[in-house]
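Worksheet: one structure, shown below.
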Amino acid sequence: MMRPKPSQAFWLMKSEPSVFSLNDLKASPGRTTSWEGVRNYQARNFMRDKMRVGDGVLFYHSNCSVPGVVGLAEVVREAYADTSAFDPRSPYHDPRSNRENPRWVMVDVKYQEEFPQVVPLSAIRKEPRLSRMLLLRRGQRLSIQPVTPEEFRIIREMGRERNS
DNA sequence: GCCAACGTTGGC
DNA sequence: GCCAACGTTGGC
């Protein structure tokens with residue numbers, strides 16, 4: 001009897017490499033980090049309502065010389081209170097959030113692989129099969145975005161190719 | 001460093 | 001509830 005495979009969703013998560021890079025994730029204890037600091041309601045809702053253990057993550061470097069997807073990660077813990085909001089010394093402090101009623105959540109994300117080559121935003125733009133990605137929408141700033149299984153697979157293939 | 005596009009805030 | 005002002009994001 002086949003056990004039904006749990007449905008897996010896919011995401012793109014942005015990080016500024018000067019703040020937290022894929023290498024930082026790889027170097028973290030257990031190659032895992034809590035994705036603290038999300039202060040956008042739409043992104044929070046994706047984490048809180050949709051992200052499940054085992055979901056695939058495209059790790060995207062933003063605000064850098066070559067913005068693009070640099071590798072893969074996976075969700076290893078589902079949403080829980082973002083404690084950085086409670087810390088007055090944290091850059092992510094939010095006095096409107098408290099332990100009794102946390103406003104912000106985070107998930108845990110684990111390193112999976114670094115691509116042999118970055119998949120730059122410019123290459124994503126040029127790939128017709130990726131033309132519908134949220135990432136390419138004008139003015140799109142969401143730091144956590146859903147991607148389709150096809151988009152995930154295509155970008156993974158692009159990243160794993162050694163010569164393009 | 002510029003600045004367009006966006007989300008949030010707060011006066012009214 | 002409107003909307004101007006403001007702060008942030010993020011490519012370039």
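In what follows, chains are A, B, ... by sequence order, proteins preceding strands, each numbered from 1.
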### Task
For residues 140-161 of chain A, pull every pair meeting ring-ring contact (aromatic ring centres under 6.0 Å, His included), keeping only residues two or more places apart or in separate chains.
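Of all non-adjacent pairs touching residues 140-161 of chain A, those that pass ring-ring contact (aromatic ring centres under 6.0 Å, His included) are A/Phe10-A/Phe152.
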### Query
According to the ring-ring contact (aromatic ring centres under 6.0 Å, His included) rule, which pairs have a member within residues 104-133 of chain A, sequence neighbours left out?
A/Tyr41-A/Trp104
### Query
Among residues 120-147 of chain A, which residues get a heavy atom nearer than 4.0 Å to DNA chain C?
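DNA chain C contact set from residues 120-147 of chain A: A/Leu121, A/Arg125, A/Arg141.
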### Message
Which residues in residues 58-67 of chain A have a heavy atom closer than 4.0 Å to any atom of DNA chain C?
### Response
A/Tyr60, A/Ser62, A/Asn63, A/Pro67
#### Entry: For A/Phe20, ring-ring contact (aromatic ring centres under 6.0 Å, His included) partners two or more places apart
none
### Message
Using a strict threshold of under 4.0 Å (side-chain N to carboxylate O), is an ion pair present between A/Glu113 and A/Arg160?
### Response
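Between A/Glu113 and A/Arg160 there is a salt bridge, with a charged N closer than 4.0 Å to a carboxylate O.
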### Task
Could you tell me whether A/Asp55 and A/Lys50 make a salt bridge, using a distance below 4.0 angstrom between a side-chain N and a carboxylate O?
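Judged by the 4.0 Å cut-off on N to carboxylate O distance, A/Asp55 and A/Lys50 do not form a salt bridge.
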### Atom pair CG/CG of A/Leu134 and A/Leu12 - distance to nearest 0.5 Å
9.0 Å
### Task
Enumerate the residue pairs fulfilling side-chain hydrogen bond (donor to acceptor under 3.5 Å, both in side chains) with a member in residues 120-134 of chain A, sequence neighbours excluded, ordered by first and then second residue.
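As it turns out, the side-chain hydrogen bond (donor to acceptor under 3.5 Å, both in side chains) pairs with a partner in residues 120-134 of chain A, which skip direct neighbours, are A/Glu127-A/Arg129.
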### Task
Report the hydrophobic cluster partners of A/Tyr80, with the cluster defined as I, L, V, M, F, W, Y residues connected by side-chain heavy atoms closer than 4.5 angstrom, directly or transitively.
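Listed partners: A/Met106.
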### Query
Through what angle, rounded to 10 degrees, does the axis of the helix from B/dG1-C/dC12 to B/dC12-C/dG1 turn between its ends, using five pairs per end?
10°
### Query
OP1 or OP2 of C/dT9 sitting under 4.0 Å from any side-chain N/O of A/Lys14?
no
### Message
Applying side-chain hydrogen bond (donor to acceptor under 3.5 Å, both in side chains), can you list everything that pairs with A/Asn45, at least two apart in sequence or on another chain?
### Response
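Partners of A/Asn45 under the side-chain hydrogen bond (donor to acceptor under 3.5 Å, both in side chains) test: A/Arg48.
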### Task
Tell me, please, which residues at least two apart from A/Asn98 pass side-chain hydrogen bond (donor to acceptor under 3.5 Å, both in side chains).
none
#### Entry: A/Thr33 side chain to A/Trp35 backbone, donor-acceptor under 3.5 Å
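Between the backbone of A/Trp35 and the side chain of A/Thr33 there is no qualifying donor-acceptor contact (under 3.5 Å).
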What donor-acceptor contacts under 3.5 angstrom involve side-chain atoms of residues 60-77 of chain A, with partners at least two apart or in another chain?
residue, atom, partner, partner atom, Å
A/His61, NE2, A/Leu22, N, 3.1
A/Asn63, ND2, A/Glu16, OE2, 3.4

Between the protein and nucleotides 2-6 of chain C, which nitrogen or oxygen pairs come in under 3.5 angstrom?
none

### Task
Measure from CG on A/Asp94 to P on B/dT8 and round the result to the nearest Å.
12 Å
